[in-house]
Amino acid sequence: MSQPDPRIDAYIAKAAPFAQPILEHLRALVHAACPQVEEAIKWGTPSFVYRGKLMCSMAAFKQHATFGFWQGANIVGAQQSADSDAMGQFGRLSKIGDLPGKRELTRLVKQAMALIEAGVTRPASKRAQPKPPVELPADLAAALALKKHAKAKATYEAFPPSQRRDYVEWIEGAKREDTRKARVAQAVEWMAEGKGRNWKYMAK
């Protein structure tokens with residue numbers, strides 16, 4: 001068994017109690033199926049690397065966990081990958097029983113290994129038309145213009161388009177005026193701390 005990454009130990013320890021056994025189960029199964037696998041943290045989530053190539057990864061959120069193969073479309077099929085309602089190919093996991101059985105998961109890991117050994121690459125995704133630049137809502141613009149919110153404004157301006165859009169769409173999605181005001185205030189507070197909209201879901 002390869003050396004465990006202490007960052008993954010810490011990630012699992014911080015996960016919600018329901019998610020910990022799921023993550024431990026997946027970690028043990030991947031190591032058993034692929035003794036040469038190496039652990040890493042990629043994009044803030046526990047990942048498993050084989051022969052220098054990302055093979056699969058797992059993650060935990062407040063109410064569900066996820067697991068997926070980097071070459072999911074080549075392993076479980078493009079339709080299952082597209083139909084999953086969460087990251088990965090197995091949907092929202094709330095218990096170990098939500099996953100395929102040990103034998104099936106082991107088979108899928110072996111398949112992922114074989115693809116890497118054969119030099120197969122992930123199919124190129126069909127890129128959608130680029131989204132237009134995000135337009136800053138008037139109420140958020142007014143809040144960021146205040147001198148006391150200079151740090152928040154600097155953070156927003158340093159964000160890539162995707163992170164700006166995360167905040168704007170969250171605010172625009174409010175159905176009530178008081179909800180919208182609360183979201184603007186929360187957004188400014190988080191940005192003053194240098195945080196993106198989805199900071200809670202990123203591993204520390």
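Keep in mind that what you see is a predicted model, and the values were worked out from it rather than measured.
- I116 and V120 fall within the same hydrophobic cluster, where Ile, Leu, Val, Met, Phe, Trp and Tyr residues are linked whenever their side-chain heavy atoms come under 4.5 Å apart, directly or through other members.
- When all heavy atoms are compared, the tightest approach of V184 to A143 is CG1-CB, 4.0 Å.
- Of all heavy-atom pairs spanning M58 and T45, the tightest one is O-CB, 3.4 Å.
- Around atom NZ of K53, no more than 12 heavy atoms belonging to other residues, nucleotides or ligands sit under 6.0 Å away.
- Between R107 and E104 a salt bridge is recorded (basic side-chain N to carboxylate O distance below 4.0 Å).
- Using the six-membered ring where Trp is involved, F48 and H31 have ring planes that are perpendicular, over 60° apart on the 30 and 60° scheme.
- A salt bridge between D98 and K95 is present, with a side-chain N of the basic residue lying under 4.0 Å from a carboxylate O of the acidic one.
- Using a 4.5 Å heavy-atom cutoff, the side chains of L26 and I96 are not in contact.
- Using a cut-off of 4.0 Å between Lys/Arg side-chain N and Asp/Glu carboxylate O, D139 and R183 are scored as not salt-bridged.
- Of the inter-residue distances, the one linking E193 atom CD with K151 atom NZ reads 10.0 Å to the nearest 0.5 angstrom.
- Taking CD from E157 and CZ from R164, the interatomic distance works out to 7.0 Å, rounded to the nearest 0.5 Å.
- Taking the six-membered ring for Trp and thresholds of 30 and 60 degrees, F90 and F69 have ring planes more than 60 degrees apart, a perpendicular arrangement.
- Put simply, CG on L93 and CG on L99 are 4.5 Å apart, with the number rounded to the nearest 0.5 Å.
- None of L23, L29, V30 except one satisfies the side chain to side chain contact (heavy atoms under 4.5 Å, CB included) rule with F67; the exception is V30.
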